[in-house]
Each structure stands twice: as C-alpha cells, then as structure tokens.
Amino acid sequence: MKFNPIRGTHDLFGEELQKFNLIQSEVNSLAKKFNFDEIQTPIFEKTELFQKPLGEQSDVVLKEMYTFSDRNDDLITLRPEYTTPMIRAAISNNLLVKLPCKFFGIGPMFRRERPQKGRYRQFNQINFENLGCNDSFADVELILIANNLLNNLIQKKDFKLHINSLGNKKTLQFYKKELIHYFNKHKHSLSKESIEKIKTNPLRILDSKNKIDQAIVSKAPSIYDFFTNEDSKIYEEVKKLLNNFDIKYVEDSSLVRGLDYYCNTVFEFKTQSLGSQNTLIGGGRYDGLVKVLGGNDIPGVGWAAGIERISMLMKLKKNINNVIHFAIQNENFKTHALKAYKYLTESNFSVYWNYKFNLKKSLSKSNESNARYIIIVGEEEYKLKKYTLKNLQDGNQSILNFSELLNKIKNG
Ligand code: AMP
C-alpha cells in the first residue's frame with residue numbers, strides 16, 4: 001500500500017523548506033527589531049474558543065473547522081487561526097499586565113476548504129498582534145512590519161496594500177442593518193450564495209466575486225455615509241501615518257474581512273500573481289475581542305500572513321554552499337582521503353562523502369550541487385601526503401597539507 005499526504009496537506013522539503021526557513025528567520029529578526037514577543041500555543045483548543053469570536057455564521061465556523069469530540073466528549077478544534085489562541089494564551093498566563101503587549105507567532109493552521117493553488121487544509125501562518133493600544137500608530141506600525149516582511153522577501157511589483165475602515169462597532173451594526181434592508185430589496189438579482197448571506201453575514205456580499213452580484217453591490221450603501229466624526233478622524237489619521245512612512249496603499253471600500261471581530265482599520269496585502277487566492281496578509285483592529293475571550297475590555301489590532309502564498313512568490317538566490325566534497329581516484333586512496341574527512345569534521349567544517357571512487361563522476365556531481373570546494377585524492381596526493389583543493393567556482397586548485405588546507409578554506 002502506498003500512502004500520500006492527505007488532500008490539502010503537503011510535505012515540506014528541499015527549496016520549499018529552504019524558503020520556509022528564510023521566512024521564519026526574517027520574521028524573527030523583524031520581531032526583534034519592532035520588539036514583539038513570541039507566543040506558541042497548542043494546535044488544538046476548545047471549540048468554543050473559536051465559535052463566538054469568529055462569528056457563528058462565518059465561513060470558517062460554519063464549514064471549515066476540523067472539530068472532533070475527545071474521548072470525554074469535549075469538543076476540540078484544530079486551530080483555524082491564531083489571533084484567538086494567542087489572546088487566550090495571553091489571558092490564561094496573565095501576560096496582559098503592562099499594556100500594550102506585542103506578540104507574534106508562527107505555526108500551522110487547519111481549515112477544511114476546497115484545496116486549490118494557494119489554498120490548503122493545513123497551512124502556516126505568521127501573526128503579529130498588539131493588545132491594549134488605541135493609538136492609530138499601533139495599526140500603522142503593524143502595517144509597516146507587514147510591508148517590511150514582504151519587501152524583504154518578494155518583489156515590490158508582486159504586492160499591494162489595500163485599506164478600509166469599518167467604523168466602530170456601533171457604526172458597523174447600524175450599517176449591517178441598512179445593508180440587510182438594501183439586499184433584501186434586491187434579492188431577486190443576487191446569486192444564491194449571497195442571498196444566503198443577507199441575514200447571516202451581509203458584509204461578505206460586498207466582496208462577492210460572483211459577477212451576478214456586482215451590479216447590486218456597486219450601488220449598495222457605503223459604510224462611509226454612516227461614519228461618526230470619530231470614525232472619520234481615525235481613518236484619516238491612519239492614512240496620514242501611512243503617508244508619513246511612504247507606504248503606498250489603495251482605498252478599497254469592498255474590503256470587509258471574513259471574521260466577525262473587526263472594526264475600524266482593516267487591511268490586506270494582495271497580489272495579482274497567484275490567481276484567485278490573492279491575499280497574502282490580512283488584518284485589522286479588533287477592539288472588544290479580548291473581552292469576549294474573558295479578558296479586560298482592551299483594544300487590539302493584528303494581522304496574519306500565509307507562509308505558503310508568500311513562498312510561492314519568492315525566488316531563491318543560487319546559494320554557493322560551503323560543504324566540502326571529495327573526489328577519489330580509486331579505492332586505494334580511501335584511507336588517505338578519510339584522514340582529511342576526519343580532520344575537517346573535527347575542525348567543524350561541513351563535508352559530503354559520496355561513497356564513489358571515480359574522479360570524473362564525483363567532480364561533475366559536485367559541480368551540479370553548488371559546492372564551493374572539492375578535495376581531490378589520487379596517486380600524487382597519496383605520495384606527497386597532501387590533498388588537492390579545488391575551488392569549483394573559479395576553477396583554481398592547489399596541493400596542500402592539513403594546515404594549508406584549513407587556511408585556504410577559511411580565508412578563500
Ligand atoms: P485569514 O485568517 O483568512 O485572514 O488568512 C490570513 C492569511 O492566511 C491569508 O491572507 C492567506 O495568506 C493565508 N491563508 C488563509 N487560508 C489559507 C489556506 N487555506 N491555505 C493557505 N493559506 C491560507
């Protein structure tokens with residue numbers, strides 16, 4: 001019997017794993033630079049943790065969560081997102097003492113979506129969260145970090161920041177009522193999926209990709225008409241700060257985000273290079289969420305990035321590695337070559353032994369592998385008790401004893 005990974009999951013190795021590790025180290029250095037502390041949470045949590053905060057009617061809760069009952073009948077869910085578990089962890093461990101608190105995390109998430117390019121059932125996210133701060137600079141600081149992350153990993157032409165504001169919770173409630181009223185009036189011209197969302201999640205009709213909906217959506221009431229003065233002031237401040245940091249953005253009134261907990265600032269970094277799964281990073285403000293999860297009534301803002309989607313846009317530089325290969329003329333010189341192998345590993349160099357005794361084949365295989373050096377051992381080296389070190393990048397070679405070998409490898 002042959003086993004393959006389960007649909008929507010994938011193994012990580014080779015270049016993909018290299019990219020994954022590069023992203024992770026970039027995240028770690030940004031977290032250090034902007035002073036965010038790492039939190040790691042368990043992969044499964046009580047189902048209730050997600051149901052209410054994400055919205056009973058959100059797609060994630062309705063259709064996508066991997067939920068199972070434990071042997072004692074507790075309902076358990078594989079985490080579909082990281083914001084709620086991170087806040088849960090901050091509350092459980094009494095971390096929310098000196099506010100604001102800034103946290104980040106990296107790890108696998110699970111959603112039972114229909115797999116396609118850029119969409120998996122197990123995927124990896126990076127999250128950055130700021131808890132306990134009302135200042136709009138907290139929103140913009142997070143956008144700045146996300147912008148840095150993408151700038152350092154992919155090409156500028158491959159992403160664009162979209163922003164919007166949903167107003168405060170009351171504004172949003174009021175707006176949702178108006179939307180329900182409007183969409184009910186035009187029910188006959190909407191797609192089946194959108195009709196289903198009128199009562200449960202009317203905001204999501206605004207970002208419907210279905211062409212049937214677009215004419216009705218384009219004439220729908222705008223959230224901006226419901227803004228209080230304070231809502232407008234906050235949104236203007238966010239835009240001003242983005243300008244101060246020279247971060248380019250487009251205002252996108254159809255940007256509503258999928259989950260229930262957002263208010264005021266929402267943003268997404270989108271790409272046109274990946275087909276329909278075009279959001280790389282999404283986030284926004286979620287004042288009130290900490291309270292819903294049993295903490296104090298403090299504000300919050302954060303984002304989540306999809307590692308697989310960023311990775312698909314990354315190009316790896318051809319890396320010359322410093323592994324030292326061996327090419328041995330025939331088996332008679334094995335012991336002499338192994339002496340160098342022993343000496344080099346004891347001196348903390350990285351080596352690669354190919355178990356073959358064929359100069360030509362070993363040289364050509366090592367050339368393909370991007371190694372910098374190869375040690376050649378044959379009759380002459382054996383007689384002289386030396387080794388030929390060849391630099392595979394520039395073709396130079398010289399015959400050396402142990403200490404000359406070390407010096408050459410160390411100093412180039
Ligand atoms: P969300 O929590 O839905 O806002 O997702 C945040 C980010 O995670 C998205 O912008 C994607 O980059 C990534 N993401 C979400 N769902 C998936 C998925 N099923 N497969 C791969 N990446 C995903």
Side-chain angles (χ1 to χ4, degrees), residues 5-12 16 19-20 23-24 26-27 41 45 49-50 53-55 57-66 77-87 104-129 142-143 145-147 149-150 153-154 158-164 166 201 203-204 207 209 252 254-263 265-286 289 300-314:
I6 288 178
R7 196 166 127 80
T9 71
H10 56 278
D11 303 309
L12 268 183
E16 284 313 303
K19 289 187 197 170
F20 186 98
I23 296 174
Q24 201 154 340
E26 188 57 41
V27 167
T41 72
E45 298 269 0
L49 177 72
F50 303 110
L54 270 56
Q57 300 301 332
S58 63
D59 283 351
V60 173
V61 172
L62 278 179
K63 302 185 236 163
E64 297 167 5
M65 293 203 312
Y66 278 97
T77 293
L78 299 184
R79 60 184 187 201
E81 59 102 54
Y82 217 177
T83 303
T84 36
M86 282 205 346
I87 296 176
F104 81 103
I106 307 178
M109 308 295 145
F110 305 83
R111 293 184 196 172
R112 201 177 191 291
E113 298 191 81
R114 197 169 48 79
Q116 62 180 93
K117 184 178 164 197
R119 188 160 74 190
Y120 307 96
R121 290 179 172 176
Q122 176 174 339
F123 57 97
N124 292 285
Q125 274 190 350
I126 304 152
N127 271 59
F128 273 73
E129 318 284 349
L142 281 165
I143 294 176
I145 298 171
N147 197 53
L149 180 70
L150 295 180
L153 295 170
I154 62 179
D158 281 335
F159 65 92
K160 195 177 235 171
L161 170 64
H162 291 231
I163 61 164
N164 192 20
L166 302 175
N201 208 347
L203 281 179
R204 284 322 297 261
D207 67 358
K209 286 184 180 125
D252 181 350
S254 71
L255 179 62
V256 294
R257 309 280 301 131
L259 307 176
D260 258 16
Y261 51 57
Y262 289 107
C263 60
T265 316
V266 284
F267 55 89
E268 286 185 349
F269 285 85
K270 292 183 179 254
T271 181
Q272 290 190 323
S273 318
L274 283 184
S276 64
Q277 298 310 304
N278 60 357
T279 308
L280 300 174
I281 298 182
R285 188 159 270 282
Y286 47 76
L289 179 61
V301 52
W303 54 252
I307 292 190
E308 283 75 4
R309 290 190 197 167
I310 295 175
S311 165
M312 286 162 92
L313 297 173
M314 278 168 74

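These figures come from a predicted structure and were not determined experimentally. In each ligand, atom 1 is the first atom listed, and ligand 1 is the first ligand listed.
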> So which heavy atom on Y82 is nearest to which on I106, and how close?
CE1-N, 3.6 Å

> I'd like the contact residues of ligand 1, where contact means a heavy atom below 4.0 Å.
R111, E113, G118, R119, Y120, F123, Q125, R257, T279, L280, I281, A304, G306, R309

> Give the table of side-chain donor-acceptor pairs shorter than 3.5 Å for residues 300-314, with sequence neighbours excluded, one pair per line with atom names and distance.
| from | atom 1 | to | atom 2 | distance (Å) |
| --- | --- | --- | --- | --- |
| W303 | NE1 | L142 | O | 2.8 |
| E308 | OE1 | N124 | N | 2.9 |
| E308 | OE2 | N124 | N | 3.2 |
| E308 | OE2 | N124 | ND2 | 2.9 |
| R309 | NE | G118 | O | 2.7 |
| R309 | NH1 | T279 | O | 2.9 |
| R309 | NH2 | G118 | O | 3.0 |
| R309 | NH2 | Q277 | OE1 | 3.1 |
| S311 | OG | E16 | OE1 | 3.1 |

> Please enumerate all residues that pass side-chain hydrogen bond (donor to acceptor under 3.5 Å, both in side chains) together with T41, with sequence neighbours excluded.
R79

> Does T9 reach the main-chain N or O of P5 with its side chain, forming a donor-acceptor pair under 3.5 Å?
no

> Partners of Y120 by ring-ring contact (aromatic ring centres under 6.0 Å, His included), sequence neighbours excluded?
H10

> Just wondering, are more than 12 heavy atoms of other shown residues or ligands nearer than 6.0 Å to CZ in R119?
yes

